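Since the structure is predicted, the reported quantities are computational estimates derived from the model, not experimental observations. Sequential numbering from 1 along the given sequence is applied to the chain's residues.
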Amino acid sequence: MVRLLDGRQTAELEVQLRTVFAEAFAEPPYGEGPADVERAFRRFRSQVRPTGFRAVVAFDGETVVGMAYGYPLPVSTGWWDTVTEPVPEALRHEDGKRTFGLFELAVRPAWRRQGVATEMHHLLVDGIENQRVLLNSRPQATAAQAAYRAWGYRRVGEAIPWDGAVPHDVMILELTAGQ
């Protein structure tokens, strides 16, 4: 079962979401450990606050098995400042409503290949009023890359999203109104 949640509801699940993150990103190509979980969840506490934040959390009974969340990028977003390749100004332009930033999408390994990520993604973007969805993905994450492409995303550049990060593909999904 998947549920659409607001920021407060999502924040209440932080402990379970940490488990999802830790399990999903421990294996290759990520190899993330406890320090990476801590870094991600320092950001998480501020990410659940903006207007327009929404999350979809997948459950197997009472067990949290997946998460996807984000919010509309503000005019002052630093997302485009991390791009390592020049992109047209028209692509970078944000007005607070144009782009929904997808910050995390993860499924615990035991629940993969069951359609959980697809169901979460569709519910997350269904009905948002933004023109597009933006995300960063490691090029080596072949399963994630295949899913994003199957959902309609295209690569528009490369970014180093935080200090010490490896290069990520910047990907955009153009939406039709009310998708």
Side-chain angles (χ1 to χ4, degrees), residues 1-3 5-50 53-71 73 77-85 100-121 123-124 133-151 153 155-172:
M1 169 183 69
V2 297
R3 291 184 15 216
L5 305 175
D6 64 21
R8 181 190 55 76
Q9 294 165 319
T10 305
E12 290 172 359
L13 294 172
E14 180 177 343
V15 171
Q16 295 94 322
L17 297 178
R18 282 173 167 265
T19 299
V20 172
F21 187 97
E23 288 184 17
F25 297 114
E27 56 192 31
Y30 308 103
E32 298 198 358
D36 300 297
V37 175
E38 286 304 314
R39 175 187 38 77
F41 280 85
R42 278 192 301 274
R43 288 191 314 257
F44 170 82
R45 292 183 196 110
S46 63
Q47 289 170 332
V48 296
R49 293 186 187 135
F53 174 91
R54 59 192 282 150
V56 173
V57 176
F59 295 84
D60 183 352
E62 297 295 314
T63 303
V64 175
V65 301
M67 63 180 178
Y69 60 82
Y71 57 83
L73 297 181
T77 184
W79 196 309
W80 292 105
D81 298 338
T82 67
V83 174
T84 61
E85 304 169 346
F100 184 86
L102 176 54
F103 293 98
E104 294 294 350
L105 191 153
V107 177
R108 294 171 71 179
W111 285 269
R112 291 187 184 148
R113 305 224 182 278
Q114 299 175 35
V116 175
T118 299
E119 186 177 2
M120 287 190 311
H121 180 268
L123 182 56
L124 186 69
V133 180
L134 179 67
L135 61 81
N136 290 331
S137 176
R138 286 191 181 191
Q140 305 84 358
T142 55
Q145 288 275 339
Y148 297 140
R149 285 187 168 75
W151 300 335
Y153 285 85
R155 183 185 185 279
V156 296
E158 178 186 271
I160 300 190
W162 62 88
D163 288 341
V166 299
H168 285 59
D169 286 344
V170 178
M171 303 180 81
I172 287 184

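Counting heavy-atom neighbours within 6.0 Å of Asp81 CG, excluding the residue itself, gives a total above 12.
In plain terms, the two heavy atoms of Pro161 and Ala165 that are nearest each other are CD-CB, 3.9 Å. Closest approach of Ala106 to Val20, counting heavy atoms only: O-CG1, 3.7 Å. In terms of heavy atoms, Thr77 sits closest to Trp80 at CG2-CD1, 4.3 Å. Summarising the geometry of Glu12 relative to Gln16, their closest heavy-atom pair is O-OE1, 4.3 Å, with the distance given to 0.1 Å. Contact detail for Phe25 and Tyr30: the closest heavy-atom pair is O-CB, 3.1 Å. Taking every heavy atom of both residues into account, Pro29 and Arg138 meet most closely at O-NH1, 2.5 Å.
Arg155 is not listed as a side-chain neighbour of Gln145, based on a closest heavy-atom distance of 4.5 Å or more. For the pair Tyr153/Val133, a side-chain contact is recorded, criterion being any heavy-atom separation below 4.5 Å from C-beta on. The side-chain heavy atoms of Leu134 and Ile172, taken from C-beta on, include a pair separated by under 4.5 Å. Between Arg108 and Thr19 the shortest side-chain heavy-atom distance falls below 4.5 Å. Two residues are said to be in side-chain contact when any heavy atoms from C-beta on lie closer than 4.5 Å; Val65 and Phe59 fail this criterion. Asp36 places a side-chain heavy atom less than 4.5 Å from the side chain of Arg39.
Atom OG1 of Thr10 sits about 12.5 Å away from atom CD of Glu104, to the nearest 0.5 Å. Here the CZ atom belonging to Arg18 is positioned 13.0 Å from the CG atom belonging to Leu13, to the nearest 0.5 angstrom. Note that CD of Gln47 and CZ of Arg42 are 12.0 Å apart. Values are rounded to the nearest 0.5 Å.
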Go through the steps for Phe103 and Trp79 under the test ring pair (Phe, Tyr, Trp, His ring centres under 6.0 Å), then give the verdict.
-> CA-CA 11 Å; Phe103 293 98; Trp79 196 309; 5.3 Å; yes

Could you walk me through whether Trp151 and Met171 pass the side-chain contact (heavy atoms from CB on, under 4.5 Å) test, one step at a time?
-> CA-CA 11 Å; Trp151 300 335; Met171 303 180 81; over 6 Å; no

Decide side-chain contact (heavy atoms from CB on, under 4.5 Å) for Phe53 and Arg8; before the verdict, give the C-alpha distance in whole Å, the side-chain angles of both, and the deciding distance to 0.1 Å.
-> CA-CA 10 Å; Phe53 174 91; Arg8 181 190 55 76; over 6 Å; no

Applying side-chain contact (heavy atoms from CB on, under 4.5 Å), run through Phe21 and Met67 and close with a yes or a no.
-> CA-CA 9 Å; Phe21 187 97; Met67 63 180 178; 3.8 Å; yes

Take Val48 and Tyr69, measure what side-chain contact (heavy atoms from CB on, under 4.5 Å) needs, and give me the verdict at the end.
-> CA-CA 9 Å; Val48 296; Tyr69 60 82; 5.8 Å; no

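Side chain of Ser137 to main chain of Asp169: no donor-acceptor pair is present (N/O by atom type, distance under 3.5 Å, no hydrogens or angles). When atom types are taken as modelled, the side chain of Arg54 and the backbone of Leu124 share a donor-acceptor pair closer than 3.5 angstrom.
Val116 pairs with exactly one of Met120, Arg112, Arg113 by the side chain to side chain contact (heavy atoms under 4.5 Å, CB included) rule, that one being Met120.
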